[in-house]
Visitor: 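My structure is below; once you've seen it, I'll send some questions.
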Amino acid sequence: MNSLDRQALEASLSEIAPQLLAEAPKKAAERQLPDLPAAIDGAVVLRLPPEPSGYMHLGHAFHGIVNHLYRERYRGFLWLRFEDTNPRKVRPEYYDSYREGYRWCGVKWDAEKSNSDDMELYYEYARRLFESGHLYVCSCSKEEMARQRAEGVVCSHRSMDNTWHLERWDSMLSGAMSEGEAVVRFAGDPRSQNTALRDPVLFRIVDHPHPLKGDRYVVWPTYDFAAAIQDAVCGVTHVLRTSEFMFRDALQDAIRERLGLKNPVYVEYSRFEFEGTPLSRRRIRELIERGVVGGWDDPRLGTVTAARRRGIVPEALREFVKSYVALTPSRKLYSWELLYSINRKILDPKAPRLFFTPSPRRVILRGSEGRVVTAPLHPSMDMGSRTIEVGETVYIPGSDAERLKPGDRFRLKYFVNLRVLGLDDDVLVCEAEEGGPEPGLQVIQWVPEGSAALRVLVPDQLFRGEELNLESLRTVEGLVEPYEAKIAAGTVVQFERFGYCIKDGPGLYIFTHR
RNA sequence: GCUCCGGUAGUAUAGCCCGGUCAAGUAUGCGGGCCUCUCGAGCCCGAGACCCGGGUUCAAAUCCCGGCCGGAGCACCA
């Protein structure tokens, strides 16, 4: 090998492994998620467990995408599993909103179920645990129970014999006991440092109909029991979740071990947050009730509907996860710019360019009679063009008009060069000049007489640190060129020198980002 | 309060497990330039970080101890 000269070496390399020859990569190799521990290609089973009790936010979307990406990498299996064992919190409409949300994000799942589908199974496993002495019925009050758990002691119920517990369990199931009268607890380790192991409640009576199951069941498993069983019966090999569940691992494992079920591998990481944007449902609900934001799809919010309404595209979310998301326990507070940058690059080749003039100022043209201007809809993509009929007046952005003084020259984009003659009653009087674009000549977008009024909502971060940002939603008003009438709602356009905006409805756009 | 877990540029990360190739890579943001009939995209250049203190070692971003700071959990919610 040493005797080969460089040329020969490269020649042979280009045949066997051309990728090694690629120039010192200018672009960083595409970033991706780290490998999953102990993952076997074709044998990875994952699960996406939303609670259908509220709107989906970007954190949920990221979790979905993470699972989806691993499903693809390992040719694995992904469950969409609704964690709906609290009848009081679950609302029927949210099941669909998650399905739709994940679908929009491009997440593909192989099968779907709800934890509430397997009530009989939970009962069966419970019976076995009663028989082996790992479960007991307790009728202490909540306060009493909290005291015991804090002090690391057990109550007298735990020492009753199995027959006593089984009798009461049957009585719970039959509906003879009312809510709060008794619960089923796990015979754990009352003195464990991990308080989740101090005889937690695994079943309770809930006197409230379930949106899917009606009033068929009154005894409901808590999260830990349902999740422990479901992860096992679904054959889940890897549980990807946020680290607030860290303390439950040992409990869920213990439940499964006592039933002879297999435990999954856990990958736990901190939650995903965006600066200035509350993601918790509780906080969002509060902001809506206080009237601070308009609703769940208020463009300032971090819900999926809000992001979508704002012009964030699903590809950008997926790309963001690959590029910037790490499954580590350290705190993350993403800056919106990171997402915007990716979104912008995806939108750039697709968004038609249009002229919008905020705070318009009238310009009278001298020496340029009625003309029809043809302007391309995109500077580099082949998107065709639009024509603009012009008379003797046009409008330009107020901020540009303010800077212009008599004698100044500027160009109306795709149209004509002008020289400012003077200011007359707030109207700029200009004279047309010969010639086309010149290096260094200021180019300004414009709209003709008769253009429609347009409002653009410009959302900003809701919070600055802890402080509510009182100017988080500005409205910019201006005029837009006639072609805008052809734009369909939901389309992102770029208003030149203003930014990318999405059409929300007639006469209304939402600013996506610069 | 108790228990866990973290801490690499403004932000997000790579590297840390298996100490040297790291006078720390990437993206974004920021500054400058080029290009462009946009303040967008693209291209080039630049500034910018290993929380602090000890220890181990020939050698520490990487291992150990302490401190500081941050986060999470301590529900008949998930």
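Remember, predicted model here, so these are calculated numbers, not experimental data. So that the names make sense, note that chain A is the first sequence line, chain B the second, and so on, each numbered from 1.
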Visitor: Would you mind telling me which of rA78(B), rG40(B), rC37(B) lies closest to the side-chain atoms of Pro379(A)?
Guide: rG40(B)
Visitor: Taking the side chain of Thr222(A) as heavy atoms from C-beta outward, which of rC74(B), rU28(B), rA78(B) is closest to it?
Guide: rA78(B)
Visitor: Indicate, yes or no, whether a donor-acceptor pair under 3.5 Å links the base of rU38(B) to the side chain of Gln494(A).
Guide: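 Side chain to base: pair found, below 3.5 Å.
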Visitor: Output the single nucleotide from rC76(B), rG6(B), rG40(B) whose closest atom is nearest the side chain of Ser330(A).
Guide: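 The nucleotide sitting nearest to the side chain is rG6(B).
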Visitor: On the nucleotide rU13(B), are OP1 or OP2 found under 4.0 Å from the side-chain N or O atoms that Lys332(A) carries?
Guide: yes
Visitor: Kindly point out which of rG40(B), rC4(B), rC37(B) is positioned nearest to the side chain of Phe247(A)?
Guide: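 Selected nucleotide: rC4(B).
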Visitor: Can you tell me which nucleotide in rG29(B), rG6(B), rC76(B) comes closest to the side chain of Pro329(A)?
Guide: rG6(B)
Visitor: Testing the 3.5 Å rule here: is there a donor-acceptor pair between the side chains of Ser280(A) and Arg285(A)?
Guide: no
Visitor: Could you please name the partner base of rG66(B), counting Watson-Crick and G-U wobble pairs only when both distances are under 3.5 Å?
Guide: rC52(B)
Visitor: May I ask you to say what Gly436(A) touches in the nucleic acid, namely base, sugar-phosphate or nothing, with a heavy-atom cut-off under 4.0 Å?
Guide: nothing
Visitor: I'd like to know whether the aromatic ring centres of Tyr122(A) and Trp220(A) sit less than 6.0 Å apart in this structure.
Guide: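 Between Tyr122(A) and Trp220(A), the centre distance exceeds or equals 6.0 Å.
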Visitor: Test Arg149(A) against Asp199(A) for salt bridge (Lys or Arg N to Asp or Glu O under 4.0 Å), laying out the working first.
Guide: CA-CA 8 Å; Arg149(A) 301 187 73 202; Asp199(A) 291 21; over 6 Å; no
Visitor: Would the His60(A) and Tyr55(A) ring centres measure less than 6.0 Å apart?
Guide: no
Visitor: Does a nitrogen or oxygen in the side chain of Lys345(A) sit under 4.0 Å from OP1 or OP2 of rU28(B)?
Guide: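 Yes.
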Visitor: Using OP1 and OP2 only, check whether a side-chain N or O of Thr85(A) sits under 4.0 Å from rA78(B).
Guide: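 Result: yes.
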Visitor: Please name the nucleotide paired to rC17(B) by Watson-Crick or G-U wobble geometry with both distances under 3.5 Å, or report none.
Guide: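 None - no nucleotide pairs with rC17(B), as no candidate has both distances under 3.5 Å.
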Visitor: Where the side chain of Met246(A) is concerned, which of rC30(B), rC4(B), rC76(B) is the nearest nucleotide?
Guide: rC4(B)
Visitor: Can you tell me the Watson-Crick or wobble partner of rA72(B), both distances under 3.5 angstrom?
Guide: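 Answer to the pairing question: rU3(B), which forms a Watson-Crick or G-U pair with rA72(B).
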Visitor: Would you say Tyr334(A) places a side-chain N or O within less than 4.0 Å of OP1 or OP2 belonging to rU28(B)?
Guide: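 Checking rU28(B) against Tyr334(A), no side-chain N or O comes under 4.0 Å of OP1 or OP2.
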Visitor: Relative to the ring of Phe495(A), is the ring of Phe356(A) parallel (under 30°), tilted (30 to 60°) or perpendicular (over 60°)?
Guide: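 Ring orientation, 0 to 90° scale: tilted.
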Visitor: In the structure shown, which nucleotide is the Watson-Crick or G-U wobble counterpart of rG29(B), with both distances under 3.5 Å?
Guide: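 Across any shown strand, rG29(B) pairs with none.
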Visitor: According to a strict under-4.0 Å criterion, is Arg344(A) in side-chain N/O contact with OP1 or OP2 of rA41(B)?
Guide: yes
Visitor: Pick base, sugar-phosphate or nothing for Ser270(A), based on heavy-atom distances below 4.0 Å to the nucleic acid.
Guide: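 Since no nucleic acid heavy atom lies under 4.0 Å of Ser270(A), the category is nothing.
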Visitor: Counting only side-chain heavy atoms from C-beta out, which of rA78(B), rU28(B), rG71(B) sits nearest to Ser341(A)?
Guide: rU28(B)
Visitor: Taking Thr195(A)'s backbone N and O only, do any of them form a donor-acceptor pair with Ser192(A)'s side chain (distance below 3.5 Å, no angle check)?
Guide: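 Answer holds: no.
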Visitor: Is any side-chain N or O of Arg31(A) closer than 4.0 Å to OP1 or OP2 of rU28(B)?
Guide: no
Visitor: Using a cut-off of strictly less than 4.0 Å, decide whether Arg353(A) has a side-chain nitrogen or oxygen near OP1 or OP2 of rC37(B).
Guide: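 Looking at the OP1 and OP2 atoms of rC37(B), neither is under 4.0 Å from any side-chain N or O of Arg353(A).
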Visitor: Does Arg331(A) make a side-chain N or O approach to OP1 or OP2 of rU13(B) shorter than 4.0 Å?
Guide: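 False: Arg331(A) side-chain N/O out of range (4.0 Å or more) of rU13(B) OP1/OP2.
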